Peer 1: 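I am attaching a structure below and will ask some questions about it afterwards.
Everything numeric here is computed off the predicted structure, so don't read it as measured data. In what follows, chains are A, B, ... by sequence order, proteins preceding strands, each numbered from 1.
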Protein chains: 2
Amino acid sequence: MKRNSRLSLALHTLGHMAGDPDRMRTSADIAKHAGTNPVVVRRVLGKLREAGLLTSEKGHAGGWRLARAPDAITLADVYLALDESLVATAEQEAASACSVENILQKKVASVLEDIERSLVERLAATTIAEVR
Amino acid sequence: MKRNSRLSLALHTLGHMAGDPDRMRTSADIAKHAGTNPVVVRRVLGKLREAGLLTSEKGHAGGWRLARAPDAITLADVYLALDESLVATAEQEAASACSVENILQKKVASVLEDIERSLVERLAATTIAEVR
DNA sequence: ATTAACGCAACAGCAAAAGTTACATTAGCC
DNA sequence: GGCTAATGTAACTTTTGCTGTTGCGTTAAT
């Protein structure tokens with residue numbers, strides 16, 4: 001895998017699940033297809049389960065499945081579930097004694113927040129049913 | 001210093017320079033004010049010099065100064081000069097055999113490119129003369 | 001009871017960034 | 001001319017976050 005791979009892994013997996021929603025997949029299957037490790041898969045998909053996008057079942061015939069219809073899951077849902085950001089977060093620091101620093105922080109933070117919002121909007125326009 | 005500190009360091013320094021453009025500053029002065037190391041300062045400011053935003057002079061009375069008027073340097077100029085990105089760059093990979101992956105990559109890359117463009121636009125709206 | 005799955009914690013390995021040291025070069029100043 | 005104070009740069013160390021890995025407990029189907 002590569003940098004910022006959690007989102008890639010998540011989207012990739014959900015994309016495939018969208019194409020055959022009833023099939024149960026094990027983390028080992030998924031890992032093999034994605035070229036990574038089952039534990040990593042469980043780590044990432046676990047977050048999606050917390051967010052209500054996936055369900056997992058333990059035991060012999062266990063594995064992972066979508067928790068709702070593929071066209072009811074957007075790329076933004078996945079992105080937000082992982083709470084990792086594709087936009088650098090402004091450094092939240094105690095207000096410094098230096099006014100230049102304070103003004104800059106406010107400016108940059110406000111720009112980044114807007115950008116992040118608009119990123120999420122854009123991602124919300126596509127569902128995982130549309131990526132196969 | 002903290003994560004993504006090159007841009008912070010650069011903006012912070014240029015902000016101060018904008019307030020007193022004729023004063024020559026040594027990397028040691030700047031490092032002290034920014035709580036970092038002169039070599040790090042030279043590394044970062046060196047990129048700004050390459051981009052034509054700063055000039056440096058060697059030798060006894062050497063140091064750093066703005067290369068143009070403070071109101072002719074935008075935050076975008078600084079951001080672009082450092083060619084580090086606040087928006088994660090889409091992974092440029094050889095087209096995979098997996099169509100889901102290919103479609104996703106295209107979608108995500110296109111969103112990220114738009115977002116990056118709009119970030120630069122937003123940063124271009126503020127000059128370093130406005131942050132003090 | 002066995003087997004095959006997830007859940008989780010702990011640790012190892014790696015890569016990028018920052019920090020540091022060291023030294024060459026340059027330019028002002030006596 | 002020699003001294004001093006600055007940049008330029010390379011090499012190394014340290015730190016940090018992420019991925020990968022191992023190990024083991026728990027759960028459920030057969």
Peer 1: Would you kindly check whether a donor in the side chain of Arg43(B) faces an acceptor in the base of dG19(C), or vice versa, at under 3.5 angstrom?
Peer 2: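 By the distance-only test, yes, there is a pair.
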
Peer 1: Can you tell me if Thr26(A) touches the phosphate of dA4(C), counting only side-chain N or O atoms and a distance under 4.0 Å to OP1 or OP2?
Peer 2: no

Peer 1: Choosing from dA18(C), dG8(D), dC6(C), which nucleotide comes nearest the side chain of Ser27(A)?
Peer 2: dC6(C)

Peer 1: OP1 or OP2 of dC18(D) sitting under 4.0 Å from any side-chain N/O of Ser5(A)?
Peer 2: no

Peer 1: By nearest atom, which of the nucleotides dA9(C), dC6(C), dG20(D) is closest to the Val39(A) side chain?
Peer 2: dA9(C)

Peer 1: Counting side-chain heavy atoms from C-beta on, which of dT19(D), dG19(C), dC6(C) comes nearest to Arg6(A)?
Peer 2: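 Shortest atom-to-atom distance from the side chain points to dT19(D).
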
Peer 1: Could you state the CG-P distance from Asn37(B) to dT14(D), rounded to the nearest angstrom?
Peer 2: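 Spelled out: CG on Asn37(B) to P on dT14(D) is 15 Å.
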
Peer 1: Please report, rounded to the nearest Å, how far the P atom of dA5(C) is from the CD atom of Glu57(A).
Peer 2: 13 Å

Peer 1: Output yes when a side-chain donor or acceptor of Glu130(A) lies under 3.5 Å from a complementary backbone atom of Thr127(A), and no otherwise.
Peer 2: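 Present.
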
Peer 1: Within this structure, what is the CG-to-P distance between Leu9(B) and dA18(C), rounded to whole angstrom?
Peer 2: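 Taking CG of Leu9(B) and P of dA18(C), I get 9 Å after rounding.
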
Peer 1: Within this structure, what is the CD1-to-P distance between Ile30(B) and dA18(C), rounded to whole angstrom?
Peer 2: 17 Å

Peer 1: Looking at dC8(C), dA29(D), dT21(D), which one has an atom nearest to any side-chain atom of Ala61(A)?
Peer 2: dA29(D)

Peer 1: Nearest of dG7(C), dT19(D), dT7(D) to any side-chain atom of Arg49(B)?
Peer 2: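 Among dG7(C), dT19(D), dT7(D), the one nearest the side chain of Arg49(B) is dT7(D).
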
Peer 1: Could you tell me the separation between the NZ atom of Lys58(B) and the P atom of dT26(C), rounded to a whole number of Å?
Peer 2: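 Answer to the nearest Å: 5 Å.
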
Peer 1: Could you work out which one of dC8(C), dT7(D), dA10(D) sits closest to the side chain of Ser56(B)?
Peer 2: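 Side chain of Ser56(B) sits closest to dT7(D).
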
Peer 1: Roughly how many Å is it from CG in Leu48(A) to C1' in dC6(C), rounded to a whole number?
Peer 2: 15 Å

Peer 1: In whole angstrom, give the distance that lies between atom NZ of Lys47(B) and atom C1' of dA17(C).
Peer 2: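 Atom-to-atom, Lys47(B) to dA17(C), this comes out as 13 Å.
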
Peer 1: So does Asp77(A) get a backbone contact from the side chain of Thr74(A), meaning a donor-acceptor N/O pair under 3.5 Å?
Peer 2: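 A pair under 3.5 Å: yes.
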
Peer 1: What is the distance, to the nearest angstrom, from the CG atom on Leu54(B) to the P atom on dG8(D)?
Peer 2: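 Interatomic distance, CG of Leu54(B) to P of dG8(D): 11 Å.
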
Peer 1: Would you mind telling me which of dG7(C), dA22(C), dC18(D) lies closest to the side-chain atoms of Arg42(B)?
Peer 2: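 Taking heavy atoms from C-beta onward, the closest nucleotide is dA22(C).
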
Peer 1: Tell me which nucleotide among dA4(C), dT21(C), dA6(D) gets nearest to the side chain of His60(A).
Peer 2: dA4(C)

Peer 1: Using a 3.5 Å distance criterion without hydrogens, assess whether the side chain of Thr26(B) forms a donor-acceptor pair with backbone atoms of Asp29(B).
Peer 2: yes

Peer 1: Closer than 3.5 angstrom, by distance alone: can the side chain of Tyr79(A) be matched with the main-chain N or O of Ser85(A) as a donor-acceptor pair?
Peer 2: no

Peer 1: Ignoring hydrogens and angles, tell me if any N or O in the side chain of Arg65(A) forms a donor-acceptor pair with the backbone of Asp22(A) under 3.5 Å.
Peer 2: yes

